[in-house]
Each structure stands twice: as structure tokens, then as C-alpha cells.
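Residue numbers run from 1 in the order of the sequence given.
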Amino acid sequence: MATETVAKPRTSVRVGVQKFGTFLSGMIMPNIGAFIAWGIITALFIPAGFLPNEDLAKLVGPMITYLLPLLIGYTGGRMVYGVRGGVVGAVATTGVIVGTDIPMFIGAMMLGPLTAWLMKKLDKIWEGRVKPGFEMLIDNFSAGILAAGMAVIGMLVVGPVVKAFSNGASAVVEFLVINGLLPFTSIFIEPAKVLFLNNAINHGILTPLGTQQVLEQGKSILFLLEANPGPGFGILLAYSIFGTGLAKASAPGAALIQFVGGIHEIYFPYVLMKPIMILAAIGGGMTGIFTLVVTGAGLRSPAAPGSIIAVYAATARDSYVGVTLSVLFATTVSFLIASVILKASKTPVGASEEEALGAATARMEEMKGKKSSVSSMLTGSGAAAGGVAVLAGPVKNIVFACDAGMGSSAMGASVLRNKIKAAGFPDVKVTNSAIANLSDTYDVVITHQDLTERAKPVTASAVHVSVDNFMNSPRYDEIVELVRSSNTDGGTDAAAPAAAAATEAAEEAGPAGILVAESVVLNGTATTRDAAIDEAGRLLLDRGAVDSGYLDAMHEREESVSTYMGSFLAIPHGTNAAKDHIMKSAVSVVRYPNGIDWNGKEVKFVVGVAGINNEHLQILSSIAKVFTNKAQVAQLEAATTVEEVLDLFGKVNS
């Protein structure tokens, strides 16, 4: 299991700016490919491009005016409230696009998330109060009305305000350029990078302003103020030659990762280890910017990540010499200053170079707020494959992820939630989600072993746990210990037992009609896995909960990842794409006294699942509680009436 370090919660202004910058980055970075596509088309087909073409150049305007802001607005909305938030965010963004005549990236970053947040709050108001059959009507019209209103507000209010801000910021940049002061921005940018505050500057101001300059001038110097790999590369080269111990040994590899891979954060610990080294970064940054100003060089689009490859890919046609000199001179000056510092200073008495670098890496990760994906390269300590590490901060947010987010993950989440409550940590949030809806906001991510590789790319900061048995995996005890060790306050205040009891009571209450007597069969007739899926699925179909397409999706889901849960239980359900085939939430239960073979596992209970808006999760929670108790599983096996089965699953119809 891969383990990651989570920093303790902090409330400083720096952390607030850092989080804000990270949020802005989250809207821009997924769409960098679109920026690059626009940059390539611009470089090739505009009149001053490599292959001027009047017809193909018509792509440039619509992409920068409509496509890119809409993508940003959708992404920002989705970050706040999933696809529903993305849709209303994109509609609202249309308003700010129409209300101005400049690329509306800042407006999109404002209105997309805001509209999604309002949608989320509105949905909470009538959650659980909509009569069955009216859910789709309310959902669609509420989203449409809100999105339309926010589009009007965007056009009449937000657009003009953002345009005024953009014009003001452009005037400031122009003033700095005219007066030769632009290089001095490195005094702020380089320390901001090391403190992980650069995203707020880069994606919040420089990228939008740079894009506007590209429309007017065909290139912009602003894209390279923060992305220039020269300052960090020079520092790492100095450590490679004049450093000692682990710092010297690790610096060459770090330099390659930073310069070619574009992962600038890998040089931050080397600066934090000797804070005076920030002077080298500032000197290199100022030199690079000065060179760009003198040569008039710039990029056509953002260079992300800050790799020399990405920089050259975004370089304007007439700027290759200037950009090359900018990187070269920045590296040289940074190297010279860093070399002088290293030769003149020593590691503090009593501390080895390894200890200093390790401490600096830890400080870097603490400031970042999560484990660095490349930090183990510096310290030589990768995550243990099987153990659970003690985190630097508390675990507060755990998610179970599966393909559809409605069955296996819901059961697993319920089992672990109960274990964590029993351990005295009711405030730890345990949820379930479809892998497609994951975001990099969780402390721990638990998936079936066949799905872990799909979950890792979108939740790179989290601890990842792979299981093959959702009901009684031994990894759950490891996670409980992880929670216990990381939540140093103990999580056992006087209100905890009451909170746990209240939550448990709420789970037991459950919605009416999810599981009814007609959907419980004590003696199933199927003898194979596929036949059992059909038998459980037909019970859902007979109740009008699903259409026939959902049964096909149940088989499709089983072919991709098994729904075997352990404790003689399987819970077949449809794929995430099959949710349109669900008419209402329902659960069916079929018992097979003699057992059937389920991919080599013995299954005696098959629970068919179809859920809308998480209505089925409470009954699944009750079922999970039963199947984690061997005595209750034995009672289920011995039950002679449907009522006994329903009683064991709790008051799910009260």
C-alpha cells in the first residue's frame, strides 16, 4: 500500500492563499492540453505563423473566446459539485463571455465554481422533500433556472467588473515593462514558488493576462515569469558540484526531474535547507526576465509543467533565441550565487546533510499540505509496500471508490465507518464514490485491487489501499490504526458517543420502500453467477425500479470487477453509465442455501442494487452491519421467513 504524509491543519494567511491558488490551478491544469492546442493552431495558421492559412486561422478566435473559458467554467463547477455543478458553471460562464470582448478566464474561474456552489446549496434545501416521481423535474428545472439567472448576472455584472480588473492589471504590467521594473517581480515570485503560493499568481493573474497579450501581440513574456526552469536548475547544479552527503548525491537526479520533467517542487527542499539560497533563485529569475525584456521574447501559451520541453513547445516563432538565452542566463546566475553560498556556509553543527535535507523535505511537504510525489527521491525513503505509516496530520476524509459508486463502495464504506466509530473517531468522514467522480481531496482512498491503478492518477496525494474483500478485509484494521495514530487528539470528546449513536440511528432509519418483502427470495433457483445476477435483477425489474438495460449493465459490471464482498455475499449492480436505466431506488435479496460459485468464491446471498441519489445507501449500511457479524450471518442462513430477513437488516422501512 502506498502511503502519503498529510500535513496538520493550518489556518494562516499563507495557507489560505495557497489553497486558493491550488483551487485556481485545479481549474486551469486539466485544460492545459486545450491551451496547447490553441497555441499550436495560433503558431501555425495566423498571418505571422509558420503556415499562414486564412481559413484555418478562423479557429483561433472561437477557441480563445468560447472554448477555453467554457472548459474552465465547467471544470471549476465540477470541482465543487460534480457534473451537475460543471453544467451550470458552463452555462453561467457563457454570460461573462458575451458580456465582454476579452478572453474571460478570470470570469470563468469566478462564476463556474460560484454557480456550482449555489446549486449545491439549493439542492440541500429540498433534499428528501421532493415527492417520488418529481425528482427529475425538480433537478432539471432548478438547474436551468439557476444557470440562466447566473448567466444574466455574469453578462451584466461580473463581465464588466472583471474587464475593469483585467484592464487595470494590464496597465500595471505595462508600467513595469515600460519602466524596466518587470525583473523585480522575481523578488515576489521566487519565494512564492517555494512557499507554494505561486498558483494564485500564475493561474489567477499571469495566465489570463498573458493570453490577452497573445491575442494582441502573438506572444507574452508573462507565461515565463514563473515557469522558467533556469533558477531551480542552477541551484541543483550547484548542489551537484559543491554540496555534500545526500544533498550532493540526490541533486543530479533532481536536476533532471526539474529541468526535463518540469517538477519544480523538487528543488524547494534544497532552498529550505539553506533559506539564504532563495537569493540564488531570485537572482536567476530576475536575470531570466531581464533577458526576455531585452530580446522581446515570449511564449504563445502557458508552459505546464515547467519543463524545458514544454517551454520550447510554447515558444513563439521569433523567440527561440531569446527564450534559450533567458533559461541559460537564469541557470548561470542562479548557479553562481548558489555556489558561493554553498562554499561559504556549512550544515549546522550536530546535523548531518541527510538530516537537514530530510527536515527540509518535511517542511516543504508541510507547507504544500500533502506528500510530494517526488520527495522520496530526495530522502531515499519510499512508502512501504505493506505497512501503514504514521501521518503527520489527522485523517479526516476517507473514500471508497468503485466503478459505479453505488454498491461495493457503499458497503465497504459502511463497514469501515462502523469500525472507526467503534474506535472512538466519529468525526472521520467515510464516504463512497464512483472513480469517475474522484478528486484529489481525500486522505485515504480504498478500492478493489483491480481498480486501484485507475484511482491513483486523480487522487495522487492520498493513501491508497487495495482490497479484495469489502466486508472483512484485514486492511480495515490497518486503516483504523492509521486513523488512531494520526488523530493525535484522540477524537474521543464527550460528545463523540452521542454523535456516533445519532449517526447510527439515522442509518438504521432508512428510506421507506427500498427493500420490501416481495423482493426477498429465500430459495433462489440459479446455479451459476450469471443466472443469479439475472434472478436478483428481475426482482428489481418486476418492481419497476429499473428497465431491462440495467440488467445488461449488471453483467457488464461483473465482467470488469467482481461484486463479491466476502462473508458469502455478492451485490451485483450496474455500471456508472447505467444510472439512466434506474427509475427508483430498490434492493433485492436472494438466498442460495447450497451456495453458488462466484468466480471461485462461495456465495449464499445475492443482493441486487439500484440506487438514485444515494437513497439506497442506508439499507446497504444495514446489510453491511449484518454481514460483518458471523452470528447474524448464521441467523440469515437459518431464517425460515422473509420477515426474519427484514428484521435482521434493521428498521429499513420505518
Side-chain angles (χ1 to χ4, degrees), residues 131-136 402-414 432 434 470 510-565 568-592 596 598 603-624 626-627 636 639 642-643 645-646 648-650 652-653:
K131 293 184 178 181
F134 290 87
E135 296 92 348
M136 185 174 295
C402 66
D403 179 66
M406 72 168 72
S408 308
S409 59
M411 297 285 276
S414 179
N432 60 285
F470 279 94
I514 301 296
L515 176 62
V516 297
E518 291 76 14
S519 297
V520 178
V521 175
L522 297 182
N523 294 287
T525 59
T527 58
T528 65
R529 181 199 70 177
D530 290 343
I533 293 174
D534 285 334
E535 191 165 7
R538 278 196 298 271
L539 291 173
L540 301 175
L541 185 64
D542 291 344
R543 286 187 57 191
V546 301
D547 60 27
S548 59
Y550 189 76
L551 273 64
D552 296 333
M554 292 173 75
H555 287 284
E556 181 183 345
R557 170 68 169 80
E558 199 65 44
E559 290 302 322
S560 61
V561 180
S562 175
T563 58
Y564 172 75
M565 303 295 294
F568 306 117
L569 172 67
I571 54 166
H573 53 278
T575 61
N576 190 47
K579 290 186 177 181
D580 291 341
H581 295 283
I582 303 174
M583 312 306 170
K584 62 181 180 180
S585 299
V587 170
S588 63
V589 178
V590 185
R591 184 180 68 178
Y592 298 95
I596 58 176
W598 201 282
V603 166
K604 293 185 178 181
F605 298 91
V606 176
V607 176
V609 178
I612 295 177
N613 295 333
N614 297 330
E615 295 172 343
H616 63 301
L617 298 186
Q618 292 162 352
I619 175 60
L620 287 184
S621 176
S622 298
I623 293 173
V626 171
F627 279 92
L636 276 179
V642 170
E643 287 70 23
V645 174
L646 293 178
L648 280 169
F649 288 153
V652 298
N653 295 306

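Between M583 and Y550 the shortest side-chain heavy-atom distance does not fall below 4.5 Å. At a threshold of 4.5 Å between non-hydrogen side-chain atoms, the residues T563 and H573 count as touching. In this structure the side chain of V645 reaches within 4.5 angstrom of the side chain of L636, judged on heavy atoms.
Note that CD1 of I533 is 11.5 Å distant from CG of D552, once rounded to the nearest 0.5 Å. One finds the OH atom of Y564 at 12.5 Å from the CD1 atom of I571 (value rounded to the nearest 0.5 Å). Taken from CG in L515 to OG in S585, the straight-line distance is 12.5 Å, to the nearest 0.5 Å.
Closest heavy-atom contact between V546 and A610: CG1-CB, 3.6 Å. Of all heavy-atom pairs spanning A532 and I596, the tightest one is CB-CD1, 3.4 Å. S519 approaches R543 most closely through the heavy-atom pair OG-CD, 2.7 Å. Annotation for S588 and L539: closest pair CB-CB, 3.6 Å, computed over non-hydrogen atoms.
With hydrogens and angles ignored, the 3.5 Å screen pairs a side-chain donor or acceptor of R591 with a backbone N or O of A639.
Residues satisfying the side-chain hydrogen bond (donor to acceptor under 3.5 Å, both in side chains) test with D547, not counting sequence neighbours, are H581. Annotation: ring pair (Phe, Tyr, Trp, His ring centres under 6.0 Å) contacts of Y592 (sequence neighbours excluded): none. Under the side chain to side chain contact (heavy atoms under 4.5 Å, CB included) criterion, A553 pairs with T575, A578, not counting sequence neighbours.
The list of salt bridge (Lys or Arg N to Asp or Glu O under 4.0 Å) pairs with a residue in residues 522-536, not counting sequence neighbours, reads R529-E559.
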